[in-house]
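Each ligand, and each atom within it, is numbered from 1 in the order the structure gives. Below, each value reflects all heavy atoms present in this structure, side chains not excepted, and no hydrogens, waters or symmetry copies.
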Amino acid sequence: MNNCQQILEQLQRDFPNAQSELNFNNPYELIVAVILSAQCTDKRVNQVTPKLFELAPTPQALADMPLDLLEDTIRSCGFYHNKAKHLKSMAADVVSKYGGQVPSNLADLQTLAGVGRKTANVVYAVAFGGQAIAVDTHVFRVANRLGIATATNVLDTEKQLMAVIPQDRWADSHHHILLHGRYVCKAQKPNCAGCSVSQWCRYFKEHND
Ligand code: SF4
């Protein structure tokens with residue numbers, strides 16, 4: 001078994017029930033929550049979305065929602081001007097191009113205005129059970145520290161992870177790596193002493209030789 005396989009097996013044992021920590025009831029709610037989660041904690045997003053989904057329970061309602069009311073509702077998530085713009089663009093596209101239903105395949109998700117590659121990958125994997133590796137700040141940092149990727153940007157990291165991880169493990173591995181970054185391999189101060197995969201980690205080796 002190579003290092004990458006050992007690491008993924010261990011992280012699976014560490015996080016056996018890994019899943020999204022965003023609350024949602026359908027693909028529309030998930031895509032909204034993922035857009036709101038940029039530079040914001042899932043916990044904060046989960047505090048904001050119940051009120052938002054009361055006011056805008058469908059893509060049509062979100063597209064029609066007055067911008068100032070939308071901005072006020074999502075303000076505490078940060079970057080609310082941009083996020084409000086992205087939400088309305090996405091909702092308008094879902095209504096005009098896809099009859100009000102969030103599309104279930106990756107190519108169509110990526111055509112939605114305001115939806116980046118990472119958001120499309122998360123929605124495809126989490127809402128529709130597809131295989132994709134969404135590379136957010138945690139996945140980017142952890143994969144490159146571990147050495148299972150050696151890239152300077154998220155797109156190359158995604159491609160490299162897709163090359164070394166079996167396709168039927170892409171979605172699970174995304175969750176495992178993300179949770180490891182959120183709780184152990186933190187940005188400012190990785191908890192290497194308490195890390196279950198340090199023996200295979202490039203960063204650990206480089207800092208302990
Ligand atoms: S050993 Fe340290 S740097 Fe490597 S994955 Fe664990 S916490 Fe992160």
D64 versus Q60, side-chain donor and acceptor atoms under 3.5 Å: yes
Minimum heavy-atom distance A151-F140, with the two atoms named: O-CE1, 3.8 Å
Over all atoms of both residues, closest heavy-atom pair of Q131 and D168: NE2-O, 3.3 Å
N/O/S atom of C192 inside 2.8 Å of atom 2 (Fe) of ligand 1, strictly under: yes
Taking only heavy atoms of [X] into account, list the atoms of ligand 1 that are under 4.0 Å away from them.
X: C201; result: 1 (S), 3 (S), 4 (Fe), 5 (S)
X: S198; result: 1 (S)
X: C185; result: 3 (S), 5 (S), 7 (S), 8 (Fe)
X: F204; result: 1 (S)
X: H180; result: 5 (S), 6 (Fe)

For ligand 1, the portion of L146 having any non-hydrogen atom under 4.0 Å away: side chain
Stepwise salt bridge (Lys or Arg N to Asp or Glu O under 4.0 Å) test for R75 and D72: CA-CA 5 Å; R75 186 180 297 261; D72 268 358; 2.8 Å; yes
Same apolar cluster (I L V M F W Y, side chains within < 4.5 Å links), M65/F79: no
Atom 6 (Fe) of ligand 1 to nearest N/O/S of C195 less than 2.8 Å: yes
Mutual orientation of the aromatic rings belonging to F15 and H180 [parallel < 30°, tilted 30-60°, perpendicular > 60°]: perpendicular
Exceeds 12 heavy-atom contacts within 6.0 angstrom, atom NZ of K97: yes
Residue and atom name of the nearest protein heavy atom (relative to atom 3 (S) of ligand 1), distance in Å to one decimal: Y203 CD2, 3.3 Å
